[in-house]
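Structure record follows, encoded as structure tokens.
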There are 2 protein chains.
Amino acid sequence: MGHSRDIPADLTRNQGLVLGALTGSGAPLSAYDILDQLRSEGLRAPLQIYRALDKLVERGLAHRLESLNAFVACTDAHCHRKGLIAFAICESCGKVDEFADTVIEERLAAWAGSTGFTVGRTTMEIRGRCAACLGA
Amino acid sequence: MGHSRDIPADLTRNQGLVLGALTGSGAPLSAYDILDQLRSEGLRAPLQIYRALDKLVERGLAHRLESLNAFVACTDAHCHRKGLIAFAICESCGKVDEFADTVIEERLAAWAGSTGFTVGRTTMEIRGRCAACLGA
DNA sequence: GCCGCGGCGTTATGCTATAACGTAATCAAA
DNA sequence: TTTGATTACGTTATAGCATAACGCCGCGGC
Ligand SMILES: [Zn+2]
Ligand SMILES: [Zn+2]
Ligand SMILES: [Zn+2]
Ligand SMILES: [Zn+2]
């Protein structure tokens, strides 16, 4: 079992608030969702959220889910933020499961090698239903 | 080498126009890009484009690229639209390469089996530079 | 005829993201 | 200590992506 990631102390106030909102949510949040939650803290403009998100994503503390236009806090204590990360997104409850698979990564590297493509960022997102929701 | 896909005859006028725009482009197009191209054909509203795109994507004739909020015509003559499709997107020239990898698909199925997750749609998008652009 | 269905056109609206401007705090070099 | 570079911040305005809701029309089956 993974323990939850330590929160760095050097976050700015806005960054801390945004990360807190993400961490406290059981599902991905859009920037505007986050903004709504943080109006009580004095935040008013989307840009305040986006700027904080940029930094958090850059540091691997949060991830952007392209297929949802939304964000989640990173749940991986062991920092596999290097390399490919896959996300399994439950369309029923919103829960997001984050995992890495070196075989897939190798497979991708092999394809890239054979075609001369230089890989930058890779996004992999699986939509479906989690075990809990399937049982219910 | 793949031959290019036959265009089904039963497309509506709008669907045909939209698919034509995508096919004629060397890079992904947003719905609004397409709309701008088709104003000369009498199309005026985003919804006309989105409705056509919905049908084209549903039939596997076009694909949505989540990381770009844009669309491409399917370039695969052999209809691997069943199963996982990966896209390699060149950030320099915009070219999109579409491919399938059964090993990755199996890997994903294995992960799903072990966690009880039921896989629906999967999106896999690789950003980087294509061989041609790297040479230049 | 009549109905159901799918596509169409239009207007209005909502959601997502960034541009452009100026301010303030911090830190290091000069 | 002044200077300049850097980084975050706050605000307003705007750009870009997507859908709701309405009514109309044409076509097939019954
Ligand atoms: Zn993570
Ligand atoms: Zn679930
Ligand atoms: Zn395809
Ligand atoms: Zn290229």
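Naming convention: chains lettered A, B, ... in sequence-line order (proteins, then strands); numbering from 1 in each chain.
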Run the side-chain donor-acceptor check on residues 41-55 of chain B: report pairs under 3.5 Å with partners two or more places apart or on a different chain.
from: B:Q48; atom 1: OE1; to: B:R44; atom 2: N; distance (Å): 2.8
from: B:Q48; atom 1: OE1; to: B:A45; atom 2: N; distance (Å): 2.8

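The base of C:dG7 is not paired with the side chain of B:R13 by any donor and acceptor separated by under 3.5 Å.
Pairs passing the side-chain hydrogen bond (donor to acceptor under 3.5 Å, both in side chains) check and including a residue from residues 109-119 of chain B, sequence neighbours excluded, do not occur. Residue pairs meeting the salt bridge (charged side-chain N to carboxylate O under 4.0 Å, His left out) criterion with at least one partner in residues 125-136 of chain B, sequence neighbours excluded, are B:E91-B:R127.
Interface residues of residues 27-36 of chain A facing DNA chain C, ordered by number: A:S30, A:Y32; criterion, heavy-atom separation under 4.0 Å.
Using a 4.5 Å cut-off on side-chain heavy atoms (C-beta onward), B:F71 and B:H63 make no contact.
Judged purely by atom type and a 3.5 angstrom limit, B:S25 has no side-chain atom pairing as donor or acceptor with the backbone of B:A21.
Taking a heavy-atom distance under 4.0 Å as the criterion, the stretch of DNA chain D touched by chain B extends 5' to 3' from D:dC17 to D:dA21.
B:L43 places its CG atom 7 Å from the P atom of C:dG9, with the value rounded to the nearest Å. Atom CG in B:L47 sits roughly 10 Å away from atom C1' in C:dC8 (whole-Å rounding). For the pair A:I49 CD1 and C:dT18 P, the computed distance is 14 Å after rounding to whole Å. Rounded to a whole Å, the CD atom of B:E66 is 14 Å from the P atom of C:dT16. Look at CZ on B:R51: it is 14 Å from P on C:dG6, rounded to the nearest Å. In this structure, CG of A:L53 is placed 11 Å from P of C:dT18, rounded to the nearest angstrom. If you measure from atom CG of B:D10 to atom P of C:dG7, you get 10 Å, rounded to the nearest angstrom.
Within the 4.0 Å cut-off from OP1 or OP2 of C:dG6, not a single side-chain nitrogen or oxygen of B:T12 is found. Taking 4.0 angstrom as the limit, B:Q48 places a side-chain polar atom (N or O) nearer than this to OP1 or OP2 of C:dG9.
Along DNA chain C, the nucleotide nearest B:A52 and the nucleotide nearest B:N69 are compared for position; the residue whose nucleotide lies closer to the 5' end is B:A52.
In this model, a donor atom of one side chain and an acceptor atom of the other lie less than 3.5 Å apart for A:E98 and A:T75.
With respect to A:R121 and A:E66, a salt bridge is recorded, a charged nitrogen being found less than 4.0 Å from a carboxylate O. Salt bridge present: A:R59 and A:D10 bring a charged side-chain N and a carboxylate O closer than 4.0 Å.
A:V103 belongs to a hydrophobic cluster whose remaining members, ordered by chain and number, are B:V103; membership requires side-chain heavy atoms of ILVMFWY residues under 4.5 Å apart, directly or through intermediates.
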